[in-house]
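A short write-up of the structure that comes next.
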2 protein chains.
Amino acid sequence: MIRKRFDDSSCSVARALDEVGDWWSLLIVLQAMYGTRRFVDFQRELGIARNILCDRLERLVSNKVLRKVDVGEHGSRFEYRLTDKGRDLFPVVIALRQWGDKWNPAPDGQALDLRDRASGRPVGTMQVQDADGQPLTIRDVFVREEPDTRQTANRKTR
Amino acid sequence: MIRKRFDDSSCSVARALDEVGDWWSLLIVLQAMYGTRRFVDFQRELGIARNILCDRLERLVSNKVLRKVDVGEHGSRFEYRLTDKGRDLFPVVIALRQWGDKWNPAPDGQALDLRDRASGRPVGTMQVQDADGQPLTIRDVFVREEPDTRQTANRKTR
DNA sequence: TAAATAGAGTTGCATAAAGCAACCAGATTT
DNA sequence: AAATCTGGTTGCTTTATGCAACTCTATTTA
């Protein structure tokens, strides 16, 4: 693969994908959001190869998406828990889930029914909004050029 | 890689990642949102290998995220344009961007400044909301078990 | 009109990841 | 004392990715 890296990219999407943009990382985060914390459980629930899981967990920990907690009274028992940074992926995961439900519904038409604990009503549809909460499409949005960082206009910032 | 596929997974996140969860697809979609449409431009802007780009474009087209349009008057000139399905990834991309900006800001602190064309104000922060638009965290949300599809309780649906 | 250039891909090859299965070492049960 | 469980490693095979060179139309340029 050689897998080109984007960690120094000027694009924050690229930088984000550099951390969670592989085939497994987001699924691991999702699983963690469901409450999974232990190595074997991730392995079982996701059906991921153990060496890959190992590698992904390490990466997520080193990127501070998860933290590794020793809960083994005396070693040999660890938990991987979401950090604030990891928890902050909630909107990303939900947006992806809703996209998947809308455009690639499950064969049986069943979508996971996420609801607000307080009201019991379904979670709203993720949308890009303006400052007043009104939905925005791509066409409603433009990129404001930064008010010139220095003398040279650099248009390559994305 | 062998890359395990999730296209028949019961998890819509997994199904979504199966289509756009690799290193390049979302960046291609993002680039398309910026207005890029032609092969060489994607190649140049993203710095992606041409064979990989070729493969990714084909996949995105076959998954109906992009469509390939012949604009060559007489062939040999094509454009890849977002479909509605592709455009619907807007919230995903924006959520990712905001996450990247928040937790991995660019070295120079510059984040892309997205604004609402109508008001000129910055785009709001993506958040999971309840039916009234109130923000929800992971802990505010629960999974409602489907009201029993048939006789057997199947708890493996995620 | 011939030659050069551009667009959109292919092809071939080297290298790095993903998947799989077997193996290990410390701690806990049986 | 033997069997399990947990969290990994190791070795090997199969794919993917990156890179560079090449191809085939179609459009420009000289």
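In this text, all values refer to a predicted model and were calculated from it rather than measured experimentally. Chain A is the first sequence line, chain B the second, and so forth, proteins listed ahead of strands; every chain is numbered from 1.
- When rounded to the nearest whole Å, the span between CZ of Arg37(B) and P of dA8(C) equals 13 Å.
- Note on Arg44(A): nothing from the nucleic acid sits closer than 4.0 angstrom, heavy atoms only.
- For Ile52(A) and dA21(C), the CD1 to C1' distance is 13 Å, given to the nearest whole Å.
- The backbone N or O of Arg115(B) sits nowhere less than 3.5 Å from a side-chain atom of Arg144(A) that would complete a donor-acceptor pair.
- Across the protein-nucleic acid pair, Phe42(A) atom CZ and dT6(D) atom P stand 14 Å apart, rounded to whole Å.
- Within 3.5 Å, no donor on the side chain of Arg38(B) pairs with an acceptor on the base of dG7(C), nor the reverse.
- Nearest to the side chain of Arg56(A), among dT17(D), dT9(D), dA17(C), sits dA17(C).
- The closest donor-acceptor contact from the side chain of Arg121(A) to the backbone of Asp116(A) lies at 3.5 Å or more, if one exists at all.
- When the P atom of dT27(D) is taken as reference, atom CZ of Arg77(B) falls 8 Å away, rounded to whole Å.
- Proximity note for Val40(B) (side chain, C-beta onward) versus dG18(D), dG7(C), dG7(D): the nearest is dG7(C).
- Put simply, OG1 on Thr36(A) and CD on Glu79(A) are 10.5 Å apart, with the number rounded to the nearest 0.5 Å.
- Nearest-nucleotide assignment on DNA chain C puts the 5′-proximal partner with Lys68(B), out of Arg50(A) and Lys68(B).
- The side chain of Ala49(B) has dC19(D) as its nearest neighbour among dC19(D), dC20(C), dG7(D).
- In this entry the distance linking CG of Leu46(A) with P of dA18(C) reads 14 Å, nearest Å.
- Atom CD1 of Ile52(B) is separated from atom CG of Leu57(B) by 11.5 Å, given to the nearest 0.5 angstrom.
- Remark: P of dT17(D) and CG of Asp22(A) are 12 Å apart, rounded to the nearest angstrom.
- Arg59(A) has its CZ atom 14 Å from the C1' atom of dA16(C), to the nearest Å.
- Residue Asn51(B) is in base contact, counting any heavy-atom pair closer than 4.0 Å across all strands shown.
- Under 4.0 angstrom from either OP1 or OP2 of dG18(D) there lies at least one side-chain N or O belonging to Trp24(B).
- Nearest heavy-atom pair across Leu60(A) and Glu19(A) is CD2-O, 4.2 Å.
- Note: OH (Tyr80(B)) to P (dG9(C)) measures 3 Å, nearest angstrom.
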